[in-house]
Amino acid sequence: MYLGDDDAPVVADLETTWYDARRNKPNRSAEWRLYYAACEPIRMARPGDLMCFGMLRDNRLLIVITQHDSTAEAQAKWLFGIDDEQEGAFRFHDNTERELDAFGAQIFEALGINVEVRDDTHLPEMIGRWGYRFPSNEEFASFSQSSLTDVDPAHDDPDDVVIEYYDRSYLLFKLYERAVIQHDYDAAPFVSDGIIDVDSFTSFYTSVRNRRMSRAGKVLEIHIAHILDARGIEYEAQARTENGKKPDFLFPSQAAYEDPTFPETQLRMLASKTSIKDRFRQVADEANRIRDKHLFTLTPGDVTHPKLAQLDELHIHLVMPKVVKESYDDLIQGGDHDVLPVHRGGPGTSGGPSSKPDPSLTARRESSLISPTVRRRRRRRS
């Protein structure tokens, strides 16, 4: 499999041979070699690309080649715990004991590897509440939050809270989705006597795909809003700005944004995206009065050096949980770029990396997702 940032994965299914080239020479040490036929992923590979080998449980060998300096490469390094690779060198990384979280599961699914959720503790309660029909994103997010009885969004480190919320939502979604899909298929199977009803299958697949695409980003927004509410931080979700644009979060309110006498230095805007890809560009013009905008993201390895340079040009400053920030190399983590961990700042700070924060906006800065303003009310608009 070859992965880059511009095109869909290129996949080939072929047989490989792993053998000792010196098996008939007992006086010499073993020299193991892997042989494989020419294929499109290999033809696309270039010097400097990362090549990962992983043995699956069914004894298939997964070979993943990622384009150098791409998001795919960064995510593969994070997923497989690679942090000491050298050009032209081979390293063995044992990940058999590593626990897989929502981020790792999503990367595996992008590779075409299904990840099963083994803990079905909450499945009976979800089926009891909703049957086999998905609830609204708000209701599902609320259930996910309430299932974490030891998480306090008002006092716990918001870095940890947002990660816990997102991870729990994803795992519960996977668990419930599997039950719903099985129920729907049993009720109206699209395979009969080995023949697929193409129209029924297409409709079924489209429904599942659309639900997955619309869920993650919206649920993340709901989790962020819940943390802001718990900390009494004033904001307005989905407020309208110029040309009908609707930033995810506007601080402190749409009324303040529309008031020409309200200081622009005290306005903040936060966009929320599970992964940024190329969609960060749309953030740049969502609030014209706010020069420096903030973008919250939490996918490890999603930001490459070229992408960070583009973000800097657009005056978009990243906000991410500390554990996500630590998945990047020292240059991206360093002070040359504005990449802020959640618990140390965000839209409550002003300007770029060299700007001094506005003292009136930074109370409780050490523990808040976004530094709170004095007033404590929230507005929502449809």
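All values below come from the heavy atoms of this structure, side chains included, with hydrogens, waters and symmetry mates left out. These figures come from a predicted structure and were not determined experimentally.
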Item to check | Derivation and outcome, side-chain contact (heavy atoms from CB on, under 4.5 Å), residues Asp292 and His317 | outcome: CA-CA 7 Å; Asp292 291 274; His317 309 294; 2.6 Å; yes
Quick test of your reading of the model: are [X] and [Y] salt-bridged, counting only N-O distances below 4.0 Å?
| X | Y | value |
| --- | --- | --- |
| Asp312 | Lys307 | no |
| Arg22 | Asp20 | no |
| Arg129 | Glu125 | yes |

Heavy atoms only: give me the nearest [X]-[Y] pair and the separation to one decimal.
| X | Y | answer |
| --- | --- | --- |
| Glu258 | Arg240 | OE2-O, 4.3 Å |
| Gly4 | Gln67 | CA-OE1, 3.6 Å |
| Ser169 | Phe140 | O-CE2, 3.6 Å |
| Lys273 | Gln282 | NZ-NE2, 3.1 Å |
| Ala72 | Thr66 | O-CG2, 3.8 Å |
| Glu73 | Gly48 | OE2-O, 4.1 Å |

Student check: side-chain heavy atoms of [X] and [Y] closer than 4.5 Å:
| X | Y | result |
| --- | --- | --- |
| Gln310 | Phe280 | yes |
| Leu270 | Leu295 | no |
| Lys322 | Asp160 | no |
| Leu50 | Lys77 | yes |
| Gln145 | Arg168 | no |
| Val11 | Tyr2 | no |
| Ile163 | Val323 | yes |
| Pro306 | Asp69 | yes |

Next on the checklist: Using side-chain contact (heavy atoms from CB on, under 4.5 Å), reason through Val162 and Ile227 one step at a time and then give a plain yes or no.
Outcome noted: CA-CA 8 Å; Val162 72; Ile227 296 172; 3.9 Å; yes
Is [X] reaching over with its side chain to a backbone N or O of [Y], donor-acceptor style, under 3.5 angstrom?
| X | Y | answer |
| --- | --- | --- |
| Asp197 | Ser200 | yes |
| Arg268 | Thr265 | yes |
| Lys293 | Ala284 | yes |
| Asp49 | Arg46 | yes |
| Glu31 | Ala21 | no |
| Thr206 | Ser203 | no |

Checklist entry - Same cluster for Met55 and Trp18 if Ile/Leu/Val/Met/Phe/Trp/Tyr side chains link at under 4.5 Å? => result yes
Next on the checklist: Is there a path of hydrophobic side-chain contacts, each under 4.5 Å between heavy atoms of I/L/V/M/F/W/Y residues, joining Met44 to Leu14?
Outcome noted: yes
How about [X]: does its [atom1] atom have over 12 heavy atoms from other parts shown lying under 6.0 Å from it?
| X | atom1 | value |
| --- | --- | --- |
| Arg28 | CZ | no |
| Lys245 | NZ | yes |
| Asp152 | CG | yes |
| Tyr36 | OH | no |
| Arg43 | CZ | yes |

Give, for atom [atom1] of [X] and atom [atom2] of [Y], the distance between the pair rounded to the nearest 0.5 Å.
| X | Y | atom1 | atom2 | result |
| --- | --- | --- | --- | --- |
| Leu298 | Asp159 | CG | CG | 11.0 Å |
| Ile222 | Ser136 | CD1 | OG | 7.0 Å |
| Lys325 | Thr297 | NZ | OG1 | 14.5 Å |
| Ser272 | His294 | OG | NE2 | 14.0 Å |
| Glu286 | Met269 | CD | CE | 5.0 Å |
| Leu311 | Arg281 | CG | CZ | 9.0 Å |

Once the angle between the rings of [X] and [Y] is folded into 0 to 90°, is it parallel (under 30°), tilted (30 to 60°) or perpendicular (over 60°)?
| X | Y | result |
| --- | --- | --- |
| Tyr176 | Trp130 | perpendicular |
| Tyr166 | Tyr170 | parallel |
| Phe190 | Phe204 | tilted |

Item to check | Stepwise side-chain contact (heavy atoms from CB on, under 4.5 Å) check, Ile181 with Val208 | outcome: CA-CA 8 Å; Ile181 288 176; Val208 172; 4.0 Å; yes
Checklist entry - Does the ring of Phe173 carry Arg215 above it, NZ/CZ under 6.0 angstrom from centre and within 45° of its axis? => result yes
Checklist entry - Among Thr16, Ile63, Val64, Leu62, whose side chain to side chain contact (heavy atoms under 4.5 Å, CB included) with Phe53 holds? => result Ile63
Checklist entry - Do Thr299 and Ser275 get their side chains close enough for a donor-acceptor pair, meaning under 3.5 Å? => result no
Checklist entry - Side-chain donor-acceptor pair under 3.5 Å between Tyr257 and Glu242, yes or no? => result yes
Checklist entry - Do His226 and Tyr165 make the cut of ring centroids closer than 6.0 angstrom? => result yes
Next on the checklist: For a side-chain contact (heavy atoms from CB on, under 4.5 Å) check, start with the C-alpha distance between Phe296 and Leu318, then their side-chain angles and the critical distance, and finish with the verdict.
Outcome noted: CA-CA 6 Å; Phe296 180 89; Leu318 293 177; over 6 Å; no
